[in-house]
Amino acid sequence: IGIILVIILMIIVYRFSGFITGVCFIIYTVCSLYIFYLINGVLTLPGIAAMLLGIGMAADSAIICFERIKEQLKIGNNLSKSFEIGNKTSLSSIIDSNITTIIVAIILFILGQSSVKGFATMLIINIIVTVIVMVYLERQILKLFIKTTYFDDKLNLFIGVNKKKITKSKEIEVPFKKLNFISIAKKYTIGILVVIIVCGIATIFTKYNLGVDFTGGTSITINNNTDLTNDIKELNYTLKDYKIENNNSTYIIDEVLNKDEIKSLNDYIESNYELSSDIYVVSDVVKKELVKNAIKALIISSIAIIIYVSIRFKFNYAISGIIALLHDVVLTILFFGLFNIEINSTFIAAILTIIGYSINDTIVTFDMIRRNYNERKIKNKDDLPELVNDSVRLTFFRSLMTTATTIVPIICLIVLGSHEILNFNIALLVGFIAGVFSC
């Protein structure tokens, strides 16, 4: 359903080109799953989420290219020339944004645990397939149709450009002129700092709901809403927390059970209630390793992003990009604290995904700033604010479209997906929405 909705959205906005993107989405999905099958990967629930997240990233590659093609068409270039220039100018943005995301995915794979590794594996596959299918194959298919010259005078049908919007001016028309992003950014920065401080203080009282992955102990889950609280107390276990939702009951106990104790508890539940149980044990050693790897992954990812962005752009770009990432991460963490949503191992995967995706978004804006800076040959520092404003205006619609194509599958997962990855998807949703503002 998520894929179908994204395809419909692409067709509405980009017409025939959007339809070709939809065909490539299907090819992309089949290829991703087949490669995962060939390497004998374990398809976890976060892995499925990574596949749907990849759809948004694949859409982003198409959207960047289509927006650059539309810019060229609007200044009077013919379809063939616009297609050539659009492909060329969009390539660096696509490559840079995907490389930063794959850096995070590799770090996540190296340092992640179990299902997180499955998520990272699928994300790496998705990025590679995106470059092959959405960058190379899609362009070759569209090129074949352009060569027929059928769409030369049907630009609206081909990519959604109305003839009335063609100015034949040498300069690209900048949209959203009324929006002063520099001015908005200053006001937003003050506002968001106040929100972070207030919410940070509030979380001291609400406290964070840390899952068994971070607290240690044993998690007992049964596919039934039967109440086992009295049974657990009778068995002399210390009940730390429990919840009953969506016909599933989960109980957290302080004790770290060994194999014999796990078998004994399973037998007890099966004989008394005729139910099977899923028992997940986290020892103190595993807990400490998980926390250490989570912190290490965040630090290494940030350093890797700073190094790459500094090489491709400038060091101050990298620092501003990291500040934007911290904005998204901090807001997501505060959201979970305020609403007392459980934080478990997949939350780390969600945070690292937000980091990878957020820098993806930011790099597209950086690339536009660099391009405009070189074309306008800016010498006066007073002209820089308007340069940045115009660059953000030119990428604003693309940012909204990319976020929409990523959020749609995530919303589908929240509404229709398994409750086991509900918190994971909520984290992604909050982080991606925050990313629109930080970018």
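Predicted, not measured: the structure shown is a model, and the values here were computed from it.
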Non-hydrogen side-chain atoms of I3 and P409 separated by less than 4.5 Å
no
Is there a donor-acceptor contact under 3.5 Å linking the side chains of D60 and T402?
yes
Do the side chain of T218 and the main chain of E255 share a donor and acceptor less than 3.5 angstrom apart?
yes
To the nearest 0.5 Å, how far apart are OG1 in T101 and CD1 in I359?
9.0 Å
Can you measure from CG (L73) to CG (N162) and round to the nearest 0.5 angstrom?
12.0 Å
Spell out, as yes or no, whether a donor-acceptor pair under 3.5 Å connects the side chain of T206 to the backbone of G337.
yes
Inspect the surroundings of CD1 in I184 and state if more than 12 heavy atoms from other residues, nucleotides or ligands are less than 6.0 Å away.
yes
I'd like to know whether V23 forms a side chain to side chain contact (heavy atoms under 4.5 Å, CB included) with I27, so could you lay out the CA-CA distance, the side-chain angles of the two residues, the decisive distance to 0.1 Å, and finally the verdict.
CA-CA 7 Å; V23 173; I27 296 171; 4.2 Å; yes
Any chance CZ of F313 has more than 12 other-residue heavy atoms, nucleotides or ligands included, within less than 6.0 Å?
yes
Could I get the full list of salt bridge (Lys or Arg N to Asp or Glu O under 4.0 Å) partners for K186, not counting sequence neighbours?
none
S61 and T130 have their tightest heavy-atom pair at OG-CG2, 3.4 Å
Compare every heavy atom of F366 with every heavy atom of S320, then report the nearest pair and how far apart it is.
OG-CZ, 3.4 Å
Within the 4.5 Å heavy-atom criterion, are V282 and V256 side-chain neighbours or not?
no
Donor-acceptor check, side chain of S264 to backbone of D260, threshold 3.5 angstrom: yes or no?
no
CD1 of I433 to OG of S438: how many Å apart, nearest 0.5 Å?
12.0 Å
Identify the two heavy atoms, one from A304 and one from I107, that lie closest to each other, and give their separation to 0.1 Å.
CB-CD1, 4.2 Å
Look at the rings of F335 and F339 and say which category their plane angle falls in: under 30° parallel, 30 to 60° tilted, over 60° perpendicular.
tilted
Check whether T100 reaches the backbone of D96 with its side chain - one donor and one acceptor, N or O, closer than 3.5 Å.
yes
Between the side chains of R139 and S90, is a donor N or O closer than 3.5 angstrom to an acceptor N or O?
yes
How far apart are the C-alpha atoms of F158 and L142, what are their side-chain angles, what is the distance that settles it, and do they pass the side chain to side chain contact (heavy atoms under 4.5 Å, CB included) test?
CA-CA 10 Å; F158 182 75; L142 286 171; 4.0 Å; yes
Side chain to side chain donor-acceptor pair (under 3.5 Å) involving Y273 - partner list, sequence neighbours excluded
D231
Within-4.5 Å side-chain heavy-atom neighbours: I128 and I35:
no
Where is the tightest heavy-atom contact between G18 and I11, given as atom of each residue plus distance?
C-CG1, 3.9 Å
Would the number of heavy atoms belonging to other residues, nucleotides or ligands and lying under 6.0 Å from NZ of K243 be above 12?
yes
Sidechain N-carboxylate O distance under 4.0 Å for K263, D267:
yes
Please examine the side chains of L394 and E71, heavy atoms only from C-beta on, and report whether any two atoms are closer than 4.5 Å.
yes
With side chains defined as the heavy atoms from C-beta onward, is the minimum distance between S219 and T250 less than 4.5 Å?
yes
Under 30°, 30 to 60°, or over 60°: which ring-plane class applies to F396 and F176, parallel, tilted or perpendicular?
perpendicular
Begin with the C-alpha distance, continue with both residues' side-chain angles, and end with the deciding distance and a verdict on side chain to side chain contact (heavy atoms under 4.5 Å, CB included) for N209 and I343.
CA-CA 6 Å; N209 180 10; I343 294 174; over 6 Å; no
Provide the full list of side-chain hydrogen bond (donor to acceptor under 3.5 Å, both in side chains) pairs with a residue in residues 8-32, sequence neighbours left out, each pair given once.
Y14-E67, T21-E138, Y28-N126, S32-N126
side-chain hydrogen bond (donor to acceptor under 3.5 Å, both in side chains) pairs, two or more places apart, involving residues 334-344
N344-T346
Hey, is CD1 on I1 packed in by over 12 heavy atoms from elsewhere, all under 6.0 Å?
no
With the side chain counted from C-beta on, respond yes when I410 and F432 share a heavy-atom pair under 4.5 Å apart, and no when they do not.
yes
Is the count of non-hydrogen atoms from other residues, nucleotides or ligands lying under 6.0 Å from Y188 atom OH greater than 12?
yes
Between the side chain of R312 and the main-chain N/O of D367, is any donor-acceptor distance below 3.5 Å?
no
With K240, which residues qualify under salt bridge (Lys or Arg N to Asp or Glu O under 4.0 Å), at least two apart?
D254
Under a 4.5 Å cut-off applied to non-hydrogen side-chain atoms, are C65 and N87 in contact?
yes
Distance-only polar pair, side chains of D241 and Y251, donor-acceptor under 3.5 Å
no
Of all heavy-atom pairs between A105 and A120, which one has the smallest distance, and what is that distance?
O-CB, 3.5 Å
Kindly write out the residues that satisfy salt bridge (Lys or Arg N to Asp or Glu O under 4.0 Å) with R393, not counting sequence neighbours, or none if the list is empty.
E386, D390
Nearest 0.5 Å, what's the CD1-CD1 distance between I12 and I7?
12.0 Å
Straight-line distance of L137 CG to Q140 CD, nearest 0.5 Å
8.0 Å
Is the shortest side-chain heavy-atom distance between L228 and S249 below 4.5 Å?
no
May I ask you to check whether over 12 heavy atoms, not counting those of Y268, lie within 6.0 Å of atom OH?
yes
Candidate pair F36 and T121, rule side chain to side chain contact (heavy atoms under 4.5 Å, CB included), full reasoning
CA-CA 8 Å; F36 201 75; T121 305; 3.7 Å; yes
After noting the C-alpha distance and the side-chain angles of F347 and F336, does the key distance pass the ring-ring contact (aromatic ring centres under 6.0 Å, His included) rule?
CA-CA 10 Å; F347 180 78; F336 269 61; 4.7 Å; yes
Do N389 side-chain atoms and I182 backbone N/O form a donor-acceptor pair below 3.5 Å?
yes
Count the heavy atoms of every other residue, nucleotide or ligand shown that sit under 6.0 Å from NZ of K177, and state whether that count exceeds 12.
yes
Rounding to 0.5 Å, atoms CD1 (I220) and OG (S277) come to a distance of 7.5 Å
Of all the heavy-atom pairs spanning A59 and T405, show the shortest one and how long it is.
CB-OG1, 3.6 Å
